[in-house]
Asks: 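Submitted below is the structure of interest, expressed as structure tokens.
The analysis underlying the following values was restricted to heavy atoms, covering all of them including side chains, and did not include hydrogens, waters or symmetry mates.
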Amino acid sequence: MSDRPAPFQRPYDRAYEEMLEKVRYDGAYPTREKAEEAVRLVLARLGRQLAGDERAELAARLPFEAARILTAQIPDSQQLTGWAFVKDLAARTGASQATTRWDTGSVFSAVADCAGPDLITRILRQLPSGYALLFGRAELTPAA
């Protein structure tokens, strides 16, 4: 047994722990750490895509730690399509696009549970095409 004290780790709130467990289960991640890595990467990138009232309302509905990750980012002036979001995140992390798509879907599923269907609908209206599928919804286009 060591005489050194364990490093201080701030415990996460229960809601964030539950979010991580949902992502871990839905994404079939082998460890909580892998699920948390996915949450951090995807939420940080999403924070660069959202602005305005929907961003603030989503942050208010997410667990504190998740909201902190989301709101720590400055929104980009140019939004990415859903597919470009996945490609950009894959390039930044060095992961395959398939893995990144899986990570994104797993995290967005947990985000959708926190946000509720009405807010997700408003968020999808704000974002370019391709995000509905990442949130597990059909991509609907207006009739011509």
Side-chain angles (χ1 to χ4, degrees), residues 5-144:
F8 176 75
Q9 291 185 357
R10 184 178 67 84
Y12 294 127
D13 64 23
R14 183 169 180 82
Y16 186 63
E17 292 288 345
E18 289 171 0
M19 181 182 194
L20 292 178
E21 270 310 303
K22 176 177 179 23
V23 170
R24 181 177 181 216
Y25 180 80
D26 289 352
Y29 295 101
T31 65
R32 182 186 164 284
E33 290 75 21
K34 291 286 187 188
E36 185 169 19
E37 180 182 3
V39 167
R40 289 184 176 281
L41 292 169
V42 172
L43 282 180
R45 194 66 189 117
L46 181 61
R48 297 181 63 117
Q49 296 299 300
L50 290 178
D53 292 342
E54 288 78 17
R55 175 186 168 105
E57 191 172 338
L58 178 59
R61 293 184 186 191
L62 289 174
F64 174 77
E65 186 66 23
R68 191 177 66 73
I69 296 165
L70 179 85
T71 59
Q73 307 304 311
I74 297 170
D76 286 338
S77 58
Q78 182 179 8
Q79 290 183 317
L80 301 173
T81 65
W83 176 238
F85 178 94
V86 170
K87 285 174 39 178
D88 178 69
L89 190 55
R92 289 174 185 266
T93 62
S96 72
Q97 291 175 3
T99 298
T100 303
R101 167 60 181 91
W102 183 266
D103 292 345
T104 301
S106 299
V107 174
F108 281 4
S109 174
V111 167
D113 283 354
C114 293
D118 293 339
L119 178 56
I120 293 301
T121 298
R122 290 189 358 246
I123 287 171
L124 291 173
R125 285 186 190 133
Q126 179 187 357
L127 294 170
S129 68
Y131 284 89
L133 293 174
L134 296 172
F135 276 98
R137 291 187 172 188
E139 184 81 36
L140 302 176
T141 55

Asks: Using the salt bridge (Lys or Arg N to Asp or Glu O under 4.0 Å) rule, take Lys22 and Glu18 through it: C-alpha gap first, then chi angles, then the decisive distance, then the call.
Replies: CA-CA 6 Å; Lys22 176 177 179 23; Glu18 289 171 0; over 6 Å; no

Asks: Set out, in order, the CA-CA distance, both residues' side-chain angles and the distance that settles side chain to side chain contact (heavy atoms under 4.5 Å, CB included) for Leu80 and Tyr131, then state yes or no.
Replies: CA-CA 10 Å; Leu80 301 173; Tyr131 284 89; 4.1 Å; yes

Asks: Between CD1 of Ile120 and CZ of Phe135, what distance do you get to the nearest 0.5 Å?
Replies: 4.5 Å

Asks: Could you give the distance from CD (Gln78) to CD (Gln49), rounded to the nearest 0.5 Å?
Replies: 9.0 Å

Asks: Quick check: does any side chain N or O of Ser109 sit under 3.5 Å from a backbone N or O of Gly105, one acting as donor and the other as acceptor?
Replies: no

Asks: If you take all heavy atoms of Ala67 and Ala59, which pair is closest and at what distance?
Replies: CB-O, 3.2 Å

Asks: Rounded to the nearest 0.5 Å, what separation is found between the CD atom of Glu54 and the CD1 atom of Ile123?
Replies: 7.0 Å

Asks: Donor-acceptor pair, Arg55 side chain versus Gly47 backbone, under 3.5 Å?
Replies: yes

Asks: A quick test of your reading: do over 12 heavy atoms of other residues, nucleotides or ligands sit less than 6.0 Å from CH2 of Trp83?
Replies: yes

Asks: Which heavy atom in Ala66 sits nearest to a heavy atom in Leu43, and how many Å separate them?
Replies: CB-CD1, 3.6 Å

Asks: Quick one: side chain to side chain contact (heavy atoms under 4.5 Å, CB included) partners of Lys34, sequence neighbours excluded?
Replies: Tyr29, Pro30, Thr31, Glu37

Asks: Please round to the nearest 0.5 Å and tell me the distance separating atom CG of Asp26 and atom CG of Asp113.
Replies: 7.5 Å

Asks: Could you name each residue pair satisfying salt bridge (charged side-chain N to carboxylate O under 4.0 Å, His left out) that touches residues 92-107, not counting sequence neighbours?
Replies: Asp88-Arg92

Asks: For the backbone of Ala132 and the side chain of Arg137, can you confirm whether one donor and one acceptor N or O come within less than 3.5 Å of each other?
Replies: no

Asks: Verify, without hydrogens or angle tests, whether Gln126 (side chain) and Ala51 (backbone) share a donor-acceptor contact under 3.5 angstrom.
Replies: yes

Asks: Atom OG1 in Thr99, atom CD in Gln97: separation rounded to 0.5 Å?
Replies: 10.0 Å

Asks: Does the pair Arg40/Glu36 count as a salt bridge with the N-to-O cut at 4.0 Å?
Replies: yes

Asks: Using a strict 4.0 Å threshold on nitrogen-to-oxygen distance, state whether Glu65 and Arg68 make a salt bridge.
Replies: yes

Asks: Check for a donor-acceptor pair, side chain of Glu139 on one end and backbone N or O of Gly130 on the other, with a separation under 3.5 Å.
Replies: yes

Asks: Looking only at heavy atoms, which two atoms of Ala138 and Leu133 are closest? And how far apart?
Replies: CA-CD2, 4.5 Å

Asks: According to salt bridge (charged side-chain N to carboxylate O under 4.0 Å, His left out), who are the partners of Asp53, at least two apart in sequence or on a separate chain?
Replies: none

Asks: Could you check whether any side-chain heavy atom of Arg45 comes within less than 4.5 Å of a side-chain heavy atom of Asp76, counting everything from C-beta outward?
Replies: yes

Asks: About how many Å separate CG of Leu127 and CG of Leu46, when rounded to the nearest 0.5 Å?
Replies: 7.0 Å

Asks: Taking all atoms of both residues into account, what is the closest heavy-atom pair of Ala44 and Gln73, and its distance?
Replies: O-CG, 3.0 Å

Asks: Could you give me the CA-CA distance, side-chain angles and deciding distance for Gln79 and Leu50, then say whether side chain to side chain contact (heavy atoms under 4.5 Å, CB included) is met?
Replies: CA-CA 8 Å; Gln79 290 183 317; Leu50 290 178; 5.7 Å; no

Asks: Under the criterion side chain to side chain contact (heavy atoms under 4.5 Å, CB included), I'd like the reasoning laid out for Thr100 against Leu41: C-alpha separation, chi angles, the key distance, then a yes or no.
Replies: CA-CA 10 Å; Thr100 303; Leu41 292 169; over 6 Å; no

Asks: One pair to check against side chain to side chain contact (heavy atoms under 4.5 Å, CB included): Tyr16 and Val39. What are the steps and the verdict?
Replies: CA-CA 10 Å; Tyr16 186 63; Val39 167; 3.9 Å; yes

Asks: Val42 and side chain to side chain contact (heavy atoms under 4.5 Å, CB included): which single residue from Leu70, Ile69, Val107 fits?
Replies: Val107

